[in-house]
Amino acid sequence: MKGELITTARLFNKRMEFSHRLVFVYTCIIIIPLLALFTYIIVLTEHTESAELNAQCEKAIRDNAAKISDYIHTFSLLETMIETNNELMLFYTIPENCDEAEIIETTNREATTIERLQTVMPTIYAVRIFADNPLIPERWPVIVSSRRTDLSRLKEWELNYSAEYMGNQNALKGLSVCSTRRLIKSRREIGWLQISMKMSDFFPFLYKTPEPYQNDYIFHTQKNNNGINLIPVTNSQINKINTPLGKKELERLSAAYAESDGSGIGKISGNGRTRIASWRTDPVLNIVTVHTCSTEMITGSIVRIAVIAVFGLLASVLVLYYLINKTTSRLMSGVYSVIDGMKQVREGRFDVQIPVTSTDEVGETQNTFNSMTLQLQDQIEQIKNEQQLIADTEMKAMQNQINAHFLYNVLETIRMQAVLADRDDIAESIMIVGKMLRYCLRWRVHNVTLAQEIEYINSYIYILNIRNDYIISLETDIPEQYETLTIPKMLLQPFVENAFNYAIEPLAKDAVIRIYAEPDPGGKKIWLCVQDYGCGMSKEKLEEIRRYLADNTYERISKGNIGIKNIQQRLTMFFGNDYRLEIESEPGKGTLVRVPVSLAFNTELPAGGTSVERMNKE
């Protein structure tokens, strides 16, 4: 008795040591993922914040580019309207055809028209038409003489442009985006067209107070031996609003732009700060639009999360250790009862039941264990019954085989009687029926050669011709290399039977059924085709059959003997889902069934070779 108490005490101490180790392990298992989780949250926050900043930059640059594109389009529309003003262009070309009154009237009328056009487009700062012909008088500020300024020195697009030639009209001399074009009529240069829009209207994002940590810039590109430099487009007013990029920032932005295809996004550093910059090239103005976002917001968020994570992790360690220690001590008593029950099951006591000590997960485990032992007893009994059922089934199969042999022997006896009575035709018919029975009733044989299937179909046609007063001819066109191809048994005969039942018998006249092989272009399979030339099917019936075959629902029992759904199921089972029957039919012309068969199909059977070889031996 004393020895048993000592053994029990040692077992209890070992279990308590295991509990402490379990508490430590559980605490580490939870704390390590928490540490990984906090790290992941920090990394995810940085990634998310960066992605949001990238998205903001790209959206801002898209919006800015869209505004520039709209304004360029406005310039283009205005230029088109003026250049297509045939009366104005003709007047600029040959003003000498008009007298002085007509010249003055035309000048005033066209100038008034353009001024009205400007009111429709309020963003347009100025429209000036310069005349090369000295006969055309000036009508300020719209119609001006080309001698006022040298327009040939101007680029097609000018930024920060000031019309100094406007004299004392300071309101028209503000900084603008200016488009200058030559006016040509009948291949003759007749003047200049100049359209301008205020810089603040054309590039509003440069003149508005930027959002915190965000700035916008415009650059010209300049190629040199070291690559591409970005030259800022700015003025005093823009510099007051947007903080210019530092030298290092500009150098890194120029390098990133040179490596891109004209648009992109990336990080630039300099002056102790890092920015995300997004850029896009406008090929019309030949400028680069840039939007930047500072990463200071991301840094602040990460620092806050890191501080929270450290304090949260320390608090979690203390709370988790306490909870796990308390919970483990309570749960282990129930776990040990389950372990004891499992030992009894291992020793062969399948009827063991353990007491349920709680309603929590341990109690559920105890309940599950009890249910398992009860279910185990039921399964053992069920296995016994199934073994008995299998034995009975094998006995019935053996009896069926014996019955089949008995039928073969009876037919052979009748055939010999017909031979003795000199009725060779009857003897041959009986022999063919015997062959057909042997072919059909071999329950162990599931696969045959294509030649054996064709031979069986020939016997079937022979019997049909005996019972009918018309002749059914079977034409086969099977290349010799395919005759030994292994196929599932009774693969083609049901389609021949359907051809007789639905296409030939209703007409009751001589008919032809054709069986031929058609290689597949892929080279992995062939199509075995069964074609009749009977009454065919309507489109509705054909679609109904196709939908029936397309339904993959398993159908254990088919209508009739071996239905087409059964054949499709066997094709899928032997070769895969890609092997599908194809049926074509046309009323009055017959039906064609195409059956796919794999060239690589070869079913291995235990102890005795393939089913075909075993059937041949038998």
Note to self: Which residues pass the side chain to side chain contact (heavy atoms under 4.5 Å, CB included) test with Asp216, not counting sequence neighbours?
What the structure shows: Asn64, Phe205, Leu206, His291
Check: Looking just at side-chain N and O atoms, do Glu79 and Ser179 make a donor-acceptor pair shorter than 3.5 Å?
Finding: yes
Check: Is a side-chain donor-acceptor pair under 3.5 Å present for Thr221 with Tyr257?
Finding: no
Margin query: Less than 6.0 angstrom from the centroid, inside 45 degrees of the normal: does Lys525 satisfy that with respect to the ring of Phe575?
Written below: no
Notebook entry, point to check: Would Thr572 and Asn577 count as having a side-chain donor-acceptor pair, cut-off 3.5 Å?
Noted result: no
Checklist line | 4.5 Å side-chain heavy-atom contact, Ile124 and Asp201 | finding: no
Check: Hey, is Arg594 close enough to Glu584 for a salt bridge, meaning N to O under 4.0 Å?
Finding: no
Next item on the list: Compare every heavy atom of Ser254 with every heavy atom of Ile228, then report the nearest pair and how far apart it is.
Entry: O-CB, 3.4 Å
Margin query: Donor-acceptor pair, distance only, cut-off 3.5 Å: does the side chain of Asn160 make one with the backbone of Thr234?
Written below: yes
Notebook entry, point to check: So among Ser196, Ser200, Ser162, which one has a side-chain contact (heavy atoms from CB on, under 4.5 Å) with Ser176?
Noted result: Ser196
Item checked: Atom CE of Met81 with >12 non-hydrogen neighbours under 6.0 angstrom -> no
Could you list the donor-acceptor pairs under 3.5 angstrom formed by side chains in residues 183-191, with sequence neighbours left out?
from	atom 1	to	atom 2	distance (Å)
Arg188	NH1	Thr93	O	3.4
Arg188	NH2	Thr93	O	3.3
Glu189	OE1	Arg182	NE	3.4
Glu189	OE1	Arg182	NH2	3.3

Next item on the list: Mark yes or no for whether Glu158, through its side chain, and Cys178, through its backbone, hold a donor-acceptor pair below 3.5 Å.
Entry: no
Item checked: Under 3.5 Å: donor-acceptor pair, side chain of Glu102, backbone of Asp99 -> yes
Next item on the list: Determine whether more than 12 heavy atoms belonging to other residues, nucleotides or ligands lie under 6.0 Å from atom CD of Glu100.
Entry: no
Item checked: Heavy-atom pair of closest approach, residues Ile526 and Ala517 -> CD1-CB, 4.5 Å
Next item on the list: State plainly whether the residues Glu543 and Arg546 are in salt-bridge range, i.e. N to O under 4.0 Å.
Entry: yes
Item checked: Set of ring pair (Phe, Tyr, Trp, His ring centres under 6.0 Å) partners for Trp157, sequence neighbours left out -> Phe75
Margin query: I want to know whether Tyr165 and Phe130 have ring centres closer than 6.0 Å.
Written below: yes
Checklist line | Sidechain-backbone polar pair: Gln568 side chain, Tyr579 backbone, donor-acceptor under 3.5 Å | finding: yes
Note to self: What I want to check is whether the side chains of Asn235 and Tyr207 have a donor and an acceptor closer together than 3.5 Å.
What the structure shows: yes
Check: So with a 6.0 Å cut-off around NE2 of His220, is the heavy-atom count from everything else above 12?
Finding: yes
Note to self: Using side-chain contact (heavy atoms from CB on, under 4.5 Å), reason through Trp279 and Ile61 one step at a time and then give a plain yes or no.
What the structure shows: CA-CA 7 Å; Trp279 61 87; Ile61 207 68; 5.5 Å; no
Check: Minimum heavy-atom separation for Arg275 to Leu245, with atom names?
Finding: NH1-CD2, 3.4 Å
Item checked: Stepwise side-chain contact (heavy atoms from CB on, under 4.5 Å) test for Thr365 and Phe369 -> CA-CA 6 Å; Thr365 303; Phe369 177 84; 5.6 Å; no
Notebook entry, point to check: Below 4.0 angstrom, N of the basic side chain to O of the carboxylate: do Arg280 and Glu58 qualify?
Noted result: no
